[in-house]
Asker: 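Supplied in structure tokens, the structure appears directly below.
Bear in mind that the values here come from a model prediction, so they are computed numbers and not experimental data. Computation of the quantities below employed the complete heavy-atom set of this structure, encompassing side-chain atoms and omitting hydrogens, waters and symmetry-equivalent molecules.
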Amino acid sequence: MTETPVSVLPGLGRGTRIGYAAGSLVPGAFGTVPGLLLLPYLTDTLAVAAGVAGLLVLLPKAWDVLLNPVAGRISDRTTSRWGPRRPYLLIGGTGTAVTFAALFAGPFDGVAGAVYVTVAFLATATAFAFFQVPFVAMPTEITATTADPYGERTRLMTWRIAVLALAILASGAAAPAIRDAAGGGLGGYRVAGVAIAMLIAVGALASFWGTRRAPVGVVHESEPSLRRQLAVARGNRPFALLLACFVVQAVGIGAMLAGTDYVAAGPLDDAGATSLLFVCFVGPALVVMPLWERVGARIGKRSGFLAGSGLFGVGALLVGLGLLVGLVPVLLATALVGIGYAGQQVFGLAMLPDTIAADEAVTGRRQAGVFTGLWTGGETLGLALGPGLFGLVLQLGGYRSGVDAAEQPDSARVAIALGFSVLPAVIVLGALPLLRRYDLTSARLAALTQGEA
């Protein structure tokens with residue numbers, strides 16, 4: 001059993017919530033911009049074949065699947081005056097900013113450029129792992145001494161996802177616009193890379209400073225080996241079910257994100273529509289974020305997650321129908337996708353700390369870093385598999401790398417449309433049965449933490 005807190009806080013202060021949420025600028029930018037621009041950068045600027053480009057996007061993030069649990073284990077064992085997690089917000093966050101700026105700064109194209117991108121992306125993914133894993137692990141610990149940890153996590157995630165949505169909007173809408181304003185090509189991508197790197201640096205520094213008053217908690221004994229830690233994670237059924245669903249859905253989200261630039265230039269025949277799609281994706285999500293918190297309080301986190309996923313899937317299918325009509329229906333359907341995505345993220349990330357708290361209640365050991373390492377590694381892999389899968393769809397559709405959208409065959413345009421709409425919808429909705437046996441309700445968690453089960 002865990003130790004009884006010396007004192008109980010009524011809740012986290014607003015400054016701590018905002019400070020922690022500011023860290024979402026880092027995953028928001030890193031998760032959005034490479035998924036949006038890296039595949040077209042490789043295919044259309046560096047003239048790399050679509051299938052090969054998809055593989056190059058996948059490999060560095062696949063590395064994170066192995067690295068993230070290690071990063072979690074390291075942060076679990078870290079002792080410092082800043083606690084076990086905050087040092088990595090600074091080190092990992094600033095490292096991500098520097099390597100991200102280098103990602104699009106290659107001085108050459110062709111095969112040499114592709115190799116450079118792969119190495120730079122691997123370095124960025126490594127730095128990001130040491131930010132993201134401790135960052136995601138923090139909610140379990142900083143809410144542990146509040147009066148209502150279960151509800152406080154939902155409130156904290158609402159703030160975090162609101163900032164995440166802003167980060168997606170700022171980076172996803174601005175990066176293509178900055179690239180185009182800077183003249184496109186290698187030079188345009190370099191400028192966009194530096195601009196997004198500055199946004200990442202702001203998020204890292206703000207989260208480090210903003211969580212300085214957050215409770216640190218007591219560092220408990222963890223499993224002595226990574227193998228045993230992974231075995232414990234596999235034995236946590238609610239975590240395993242939630243992780244499986246979230247990772248599969250990340251594949252669909254990643255595929256849709258990767259297709260944005262292609263849809264704008266291809267089926268929509270409007271290269272400037274990329275930024276519009278992002279505005280429609282994120283804008284409504286910001287408006288409905290407080291509503292999702294109320295939904296969770298009324299029907300529970302699991303039901304809220306299912307509702308958000310359902311809206312995402314329906315919206316994605318409507319996007320496919322909208323592509324047959326024109327830009328406005330596509331934008332409206334994209335807004336529905338954004339509303340569903342907000343619900344997915346709020347409840348998925350609010351359920352994760354519950355599964356970690358349940359494990360700690362049963363084992364008496366704090367292993368948040370291991371669980372979040374697996375979580376972020378799986379999510380990163382899913383988001384990388386998405387563009388890889390989309391690249392495969394392009395390859396099967398006969399997409400021609402290095403040529404204008406107007407010169408693409410009809411089969412390639414059909415592949416773009418299907419990869420952007422039907423494919424994500426099928427993947428996201430198809431993952432929902434994985435949550436049928438998820439049963440970690442507020443009452444069950446309270447019973448575990450109070451030693452009644």
Asker: Answer yes or no: is there a donor N or O on one side and an acceptor on the other, between the side chain of Asn236 and the main chain of Ile356, under 3.5 Å?
Answerer: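 Looks like no, no N/O pair under 3.5 Å.
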Asker: Show me the pairs that pass side chain to side chain donor-acceptor pair (under 3.5 Å) and involve residues 332-346, at least two apart or across chains.
Answerer: Gln249-Gln344
Asker: With Ser421, which residues qualify under side chain to side chain donor-acceptor pair (under 3.5 Å), at least two apart?
Answerer: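 Residues passing side chain to side chain donor-acceptor pair (under 3.5 Å) with Ser421: none at all.
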Asker: Can you pull out every salt bridge (Lys or Arg N to Asp or Glu O under 4.0 Å) where at least one residue sits in residues 255-269? Sequence neighbours excluded, please.
Answerer: Arg179-Asp261
Asker: For Val136, what residues pass the side chain to side chain contact (heavy atoms under 4.5 Å, CB included) criterion, not counting sequence neighbours?
Answerer: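 Counting only residues at least two positions away or on another chain, Val136 forms a side chain to side chain contact (heavy atoms under 4.5 Å, CB included) with Gln132, Arg160, Leu352, Thr372, Trp375, Thr376.
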Asker: Can you check whether Ile91 reaches Phe131 side chain to side chain, under 4.5 Å on heavy atoms?
Answerer: no
Asker: What side-chain donor-acceptor pairs closer than 3.5 Å can you find for residues 193-209, not counting sequence neighbours?
Answerer:
from   : atom 1 : to     : atom 2 : distance (Å)
Ser207 : OG     : Gly203 : O      : 3.1
Ser207 : OG     : Ala204 : O      : 2.9

Asker: Please identify each residue that fulfils side chain to side chain donor-acceptor pair (under 3.5 Å) with Trp63, with sequence neighbours left out.
Answerer: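 With neighbours one apart ignored, the set is Thr126.
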Asker: Between Thr32 and Ala29 (side chain of the first, backbone of the second, donor and acceptor by atom type, cut-off under 3.5 Å), is there such a pair?
Answerer: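 Not a single qualifying donor-acceptor pair exists.
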Asker: Under the rule for side chain to side chain contact (heavy atoms under 4.5 Å, CB included), what residues qualify as partners of Pro139, not counting sequence neighbours?
Answerer: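 Per chain and number, Pro139 pairs via side chain to side chain contact (heavy atoms under 4.5 Å, CB included) with Tyr20, Leu156, Met157, Pro353.
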Asker: Would you mind listing every side chain to side chain donor-acceptor pair (under 3.5 Å) that reaches into residues 90-99, with sequence neighbours excluded?
Answerer: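 As it turns out, the side chain to side chain donor-acceptor pair (under 3.5 Å) pairs with a partner in residues 90-99, which skip direct neighbours, are Thr99-Thr124.
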Asker: Does Pro267 have any side chain to side chain contact (heavy atoms under 4.5 Å, CB included) partners at least two apart in sequence or in another chain, and if so, which?
Answerer: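 Result, side chain to side chain contact (heavy atoms under 4.5 Å, CB included) vs Pro267: Leu323, Ile416.
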Asker: Applying side chain to side chain contact (heavy atoms under 4.5 Å, CB included), can you list everything that pairs with Val251, at least two apart in sequence or on another chain?
Answerer: Leu385, Leu389, Ile427
Asker: Not counting sequence neighbours, which residues clear ring pair (Phe, Tyr, Trp, His ring centres under 6.0 Å) with Phe239? List them please.
Answerer: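 Counting only residues at least two positions away or on another chain, Phe239 forms a ring pair (Phe, Tyr, Trp, His ring centres under 6.0 Å) with Phe371.
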Asker: Is the count of non-hydrogen atoms from other residues, nucleotides or ligands lying under 6.0 Å from Arg294 atom CZ greater than 12?
Answerer: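 It does not: Arg294 CZ has 12 such atoms or fewer within range.
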Asker: How would you list all residue pairs meeting side chain to side chain donor-acceptor pair (under 3.5 Å) that involve residues 384-396, not counting sequence neighbours?
Answerer: none
Asker: Side chains of Ile168 and Leu164, heavy atoms from C-beta outward: is any pair under 4.5 Å?
Answerer: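 Ile168 reaches Leu164 side chain to side chain.
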